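Residue numbering restarts at 1 for every chain, and letters A, B, ... go by the order of the sequence lines. A quick note: this is a predicted structure, and the numbers were derived from the prediction, not measured.
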Amino acid sequence: MFRCVAAVTKIAFSNLNFKHSNLIVRTLRCTFPIAQRVRFAGKRWEEEHYEDGVKWMFLEHSGPLFAPEYEPLPDGIDFYYDGSPMKLSLAAEEVATFYAKMLDHEYTTKDVFRQNFFHDWKKKLKVEQDVIAEIHGYCVMDGHREKIANFKIEPPGLFRGRGDHPKMGKLKKRIMPEDVIINCSRDSNIPEPPKNHHWKEVRFDNKVTWLASWTENVQGLLKYVMLNPSSKLKGEKDWQKYEIARRLKDKIDAIRSQYHRDWKSREMKTRQRAVALYFIDKLALRAGNEKEEGETADTVGCCSLRVEHIKLNENDNGQQCVVEFDFLGKDSIRYYNKVPVEKQVFKNLKLFMENKDPTDDLFDRLNTSDLNKHLQELMEGLTAKVFRTYNASITLQEQLAELTDPEESIAEKILSYNRANRAVAILCNHQRTPPKTYEKSMKNIQAKIEAKKEQLAVAKKDLKNAKVDHKVKKDEKSKQMVEKKKKLLQRIEEQLMKLEVQATDREENKQIALGTSKLNYLDPRITVAWCKKWHVPIEKIYNKTQREKFAWAIDMTDENFEF
DNA sequence: GGGCGAACTTAGTATTGGAATG
DNA sequence: CATTCCAATACTAAGTTCGCCC
């Protein structure tokens, strides 16, 4: 049998109404003998007919002709958004021109038309974003393709500081390529600046981790483009952080004994250092660097506490030597706490406050640099922030051991985990403003619980009836019905329990943010080991992003891990 | 030794997208 | 199928630490 193979044929369409005369057409593979293709000439109506329903025995054509590709708008014609030109992908631009062509038509005044258009156009824009993220969102470092955390240059706008920030509302300028320093390796393809622009500098510094940087104009601070937490570089650093905290675990008793002794030191500086360290250890306060007045919001940490931030109460509701803290910490989050302290600490605080104004520094002989130098002598790599990491992680481990009940369901175990997590968040003072929808969402879940309780009552009744029915009939069918109703009841009980656990969790979480401690302070190996030990799927504790960040821990940890 | 810049971690909130719901 | 709701993600500000320079 003869086959006509695929061939590329140039056909002149000059007789047709086409602008392009030379089109390239691929003919299809055809399996019929060439002789059969065109057999007849003459009067079609005299040919024989096929049997019922059969319309033809041979059919051949070249397939439909497609619409020509979109021709982009010429230079100088731009799409404008909010008054300024905006670059669109070809696909998004094409769809925008469809609409533009119809601007004069009354269609474009109709809500349905506009909404439908926008809905579909948005999808095009989304695809465009994906393509951009694929190109700019990744880098290659030492043979690994790594995600970049913040590959987008921050857009211009009005500066939004937190709390009572003296620079709030100032204009944050647009960053141009001419402001940006690129960092990469000498033998790599150096990124191209946008057309008609150049970089401020291209640097080849492999002693730093950033890929690009620029100086922001409101505070004059450097901003960096860095890798995602899932990267090898960040993951190893994170691991190292927790290893330092674990070394502190072995030294903590000695360190605590020493600062107890130092409370009685003859030197005022040593006493202040010892009391400050006590606060950092016991209350998980931050170090507290000095800040330039008038440049930032007035917030403090341990070393920068002022006399006005604490009150001393000899007796507070029966408790002796109570220190009342009230100050704004990082992000202007209020720290309020009443803490009973050792007599010697109380005495020292009184001494530190003698003859001082409220706005004077509490620890006037101490700063973070002195404190960290001292800590470095106590243990290599020890700084003030290690205490937060250590105390957070050890608290999680202790709380999990205390709260986990082997008899409980998975849902209840997860509640226990969240409660352990919450104990840490409270220690670290990780707060959030309750969501605007909080009250409503609590009501919703209560309503769900009530509905589920009613369902439960019905299911119980049904089961009882089925049992009675079975007693009378004693047949297979009624027996199956009892089993069915039993299962249903069980399922509803489980659902109710889940809802109640969820409600409790949400209520206890009203003003507490768990995310920060989970992400930055809790050794993930504690969590992975706990999940393995109690057969809680890791997905129930860590979402996708968190699993990527903690891939190293998930990979290396077995159920026997101890912080 | 302290002032300062650089580099990096930690932080809360605004926005988004997908699941749940009516 | 549209709307509601919430978890996940995006965003970028605000800390800590370190090392250099005077």
- prompt: If we ignore angles and hydrogens, is there a donor and acceptor under 3.5 Å between the side chains of A/Gln431 and A/Asn429?
  reply: yes

task: Indicate, with a heavy-atom threshold strictly under 4.0 Å, whether A/Ile333 touches base, sugar-phosphate, or nothing.
output: sugar-phosphate

query: Across the strands shown, which category fits A/Gly301 at heavy-atom distances under 4.0 angstrom: base, sugar-phosphate, nothing?
result: nothing

task: Report which part of the nucleic acid A/Ala297 touches: base, sugar-phosphate, or nothing (heavy-atom distance under 4.0 Å, all strands).
output: nothing

Ion pair A/Lys223/A/Asp179, N-O distance below 4.0 Å: no

message: Is A/Lys223 close enough to C/dT12 that one of its side-chain N or O atoms is under 4.0 Å from OP1 or OP2 there?
response: no

- request: With heavy atoms under 4.0 Å as the rule, sort A/Thr433 into base, sugar-phosphate or nothing.
  value: sugar-phosphate

Carboxylate-amine/guanidinium proximity below 4.0 Å for A/Glu295 and A/Lys291: no

query: Is A/Glu216 touching bases, backbone alone, or none of the nucleic acid, heavy atoms closer than 4.0 Å?
result: nothing

- prompt: Checking only heavy atoms, does the side chain of A/Lys385 share a donor-acceptor pair with the base of B/dT9 at less than 3.5 Å?
  reply: no

message: Taking any heavy-atom pair under 4.0 Å as a contact, classify A/Ala287: base, sugar-phosphate, or nothing.
response: sugar-phosphate

task: Would you mind classifying the nucleic acid contact of A/Arg162 as base, sugar-phosphate or nothing, using non-hydrogen atoms under 4.0 angstrom?
output: base

message: Over all strands shown, is A/Gly515 touching base, sugar-phosphate only, or nothing at heavy-atom distances under 4.0 angstrom?
response: nothing

What does the list of N/O pairs under 3.5 Å between the protein and nucleotides 18-22 of chain B look like, with a distance for each?
residue, atom, partner, partner atom, Å
B/dT21, OP1, A/Lys448, NZ, 2.9

- prompt: Is A/Arg547 positioned over the aromatic face of A/Tyr542, cation under 6.0 angstrom from the ring centre and no more than 45 degrees off axis?
  reply: no

query: Thinking salt bridges, do A/Glu380 and A/Arg247 make one under a 4.0 Å N-O criterion?
result: no

- request: May I ask you to say what A/Thr299 touches in the nucleic acid, namely base, sugar-phosphate or nothing, with a heavy-atom cut-off under 4.0 Å?
  value: sugar-phosphate

- request: Would you classify A/Pro155 as touching base, sugar-phosphate or nothing, given that sugar-phosphate means primed atoms plus P, OP1 and OP2, and contacts are heavy atoms under 4.0 Å?
  value: sugar-phosphate

query: Charged N to carboxylate O below 4.0 Å: is that the case for A/Asp370 and A/Lys373?
result: no

Shortest non-hydrogen contact between A/Leu371 and A/Ala384, atoms and distance: CD2-CB, 4.3 Å

- request: For A/Thr368, report the nucleic acid contact type (base, sugar-phosphate, nothing); a contact means any heavy atom under 4.0 Å.
  value: nothing

- request: In sequence, state the C-alpha distance, the side-chain angles, and the governing distance for A/Arg246 and A/Glu243, and then conclude on salt bridge (Lys or Arg N to Asp or Glu O under 4.0 Å).
  value: CA-CA 5 Å; A/Arg246 288 176 87 198; A/Glu243 286 306 302; 3.0 Å; yes

- prompt: Are A/Thr209 and A/Tyr224 close enough that a side-chain donor and a side-chain acceptor fall under 3.5 Å?
  reply: no

- request: Map A/Lys330 and A/Lys373 onto DNA chain B by nearest heavy atom, then report which one ends up closer to the 5' terminus.
  value: A/Lys373

Any protein N or O atoms within reach of nucleotides 18-22 of chain C? Criterion: under 3.5 Å, listing atom names and distances.
none

- prompt: How is A/Asp331 classified with respect to the nucleic acid when contacts are heavy atoms under 4.0 Å: base, sugar-phosphate, or nothing?
  reply: sugar-phosphate

message: Considering every strand and a 4.0 Å limit on heavy-atom distances, what is the contact class for A/Tyr224: base, sugar-phosphate, or nothing?
response: base

message: Nearest 0.5 angstrom please: A/Leu522 CG to A/Ser393 OG, how far?
response: 5.5 Å

field: Any A/Arg286 side-chain N or O less than 4.0 Å from OP1/OP2 of C/dA14
entry: no

- prompt: Base, sugar-phosphate, or nothing for A/Ser441, non-hydrogen atoms under 4.0 angstrom?
  reply: sugar-phosphate

